[in-house]
There are 2 protein chains.
Amino acid sequence: MLWQRAREPHAHRWSLPGGGLGAEEDVEASIRRQLAEKVDVRQLSHVEQLAVFSAPGRVPGMRVVATAFLGLVPSDIDPVVPSDTAWHPVDALPATAFDHQAIIHKARGRLASKLSYTNLGFALAPPQFTISALRELYSAALGYPVSATNLQRVLSRRGLLEPTGDTAPPGPAGGRPAALFRFASRGMRVTDPFAVLRPPTGRSVVP
Amino acid sequence: MLWQRAREPHAHRWSLPGGGLGAEEDVEASIRRQLAEKVDVRQLSHVEQLAVFSAPGRVPGMRVVATAFLGLVPSDIDPVVPSDTAWHPVDALPATAFDHQAIIHKARGRLASKLSYTNLGFALAPPQFTISALRELYSAALGYPVSATNLQRVLSRRGLLEPTGDTAPPGPAGGRPAALFRFASRGMRVTDPFAVLRPPTGRSVVP
DNA sequence: CCACGTTTTCGACCCTTAGGCGAAAACTGG
DNA sequence: CCAGTTTTCGCCTAAGGGTCGAAAACGTGG
């Protein structure tokens, strides 16, 4: 989600939402406030720190140190945004202001890897979904196709997916009705990768 | 590595090295400068951003937003440090200033997980090492014992370990001389965990 | 110099998890 | 009732980690 800058520097160019840090808030409270002020995005399903961007010349004319965040919104939600704000497909972005291109690139990398070893999919998916819908979400987020069969089995085996019992009606072309699922837990859960470092008894990493 | 604060606030308490951001440097250049100024640590084998700590009251009396870093030094190096600075075992830390306890905790978690799915061990290990020495390093960093057999095979299979051909002399109690190894590449290399999200052809994540 | 304790190394076997394929199931439309 | 579609499920294979125990290579003490 980008909005078009009104003022210099980089007027009229698309940029990530953000703003200055207030005296009584930390950076996460700040970015949530910025989003709530400038655009109507209250349904953030996940927010996490990405990185600090602090190159001296990243904003012409003044020194700005930015803490970039990765924020996710479920796919079923289409927040109303002001006229200067719009959603863009991450594969076809317009020219962006400052170093925002690099921030977006880093954000996408973070999303891709966290989709692999966490249940972060819950933040992208609606409350209920079919496996094929989830497959499309994952494919879009990752940038390459994933197998629906595998996705279901892997997520199930990790205990992240549970059936609701309901089914979704088939499409116009027919087909077997798809079973509906939901994510087992809200909030992030990490499935620790690799076992070299797994304690002999099977405890998790750094309790 | 901690040093004892000379001035208020939190005088005489142990704290992480750090300092203000200069006008002509980014945060990474800054932390490297701080380390070079205050203590003689030029052999940093790895430096990465950890997180921003920005709670309004984290430093009493003034507003300080800190970008925390994780920095590693190979185990064979014992940098000379000023009299107010000392290395502490991470399992037996003294009382620390501000929120540095939380920073250290986060750093250790990051180190533990990156040891699992990257070759970050290269930053902890000396140029040459035996498998048992590496095993002790990993065990210490992770906080629980790891199997030497497994460690060798896993790292070898990932192509991270290569034999030097030499052997280390046995200890005072005798024993078979241990073969010496080195890490195949300096610089961080990520072995992407889990394969659900691996493209059908085997391409890596986000080229 | 030979038996013994020590440390390292290597191989064998098992288990868990992912990837792929194809058949069966369940539905629509004609 | 039949053809076409979409989903689901089971089976098989491959890869990676976990464990165990035997063999290799060394020092030491009798």
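In the text below, chain A, chain B and the rest are named by the order of the sequence lines, each starting its count at 1.
- One atom, CG of A:Leu151, and another, P of C:dG20, lie 13 Å apart when rounded to the nearest Å.
- Protein atom CZ of B:Arg158 is 10 Å distant from nucleotide atom C1' of D:dG17, rounded to whole Å.
- Considering only residues two or more places apart in sequence or on other chains, B:Ala86 meets the side chain to side chain contact (heavy atoms under 4.5 Å, CB included) condition with B:Trp14, B:His88.
- To the nearest angstrom, C1' of C:dA18 lies 19 Å from OH of A:Tyr117.
- In this structure, B:Arg108 pairs ionically with B:Asp91, as a charged nitrogen and a carboxylate oxygen lie closer than 4.0 Å.
- Going from atom OH of B:Tyr117 over to atom OH of A:Tyr117 covers 4.0 Å, rounded to the nearest 0.5 Å.
- Between B:Leu120 and B:Leu72, the closest side-chain pair of non-hydrogen atoms falls below 4.5 Å.
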For nucleotides 5-10 of chain D, read 5' to 3', which letter fits each nucleotide if B means a protein heavy atom sits under 4.0 Å from the base, S means only the sugar-phosphate is that close, and - means neither?
BBBSBB
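- The list of ring pair (Phe, Tyr, Trp, His ring centres under 6.0 Å) pairs with a residue in residues 149-191 of chain A, not counting sequence neighbours, reads A:Phe129-A:Phe183.
- Taking atom CG of B:Asn150 as the reference point, atom P of C:dC15 lies 16 Å away to the nearest angstrom.
- The existence of a salt bridge linking B:Arg32 and B:Glu25 is excluded, since no basic side-chain nitrogen approaches an acidic carboxylate oxygen closer than 4.0 Å.
- Note on A:Arg157: a side-chain N or O is less than 4.0 Å away from OP1 or OP2 of C:dA18.
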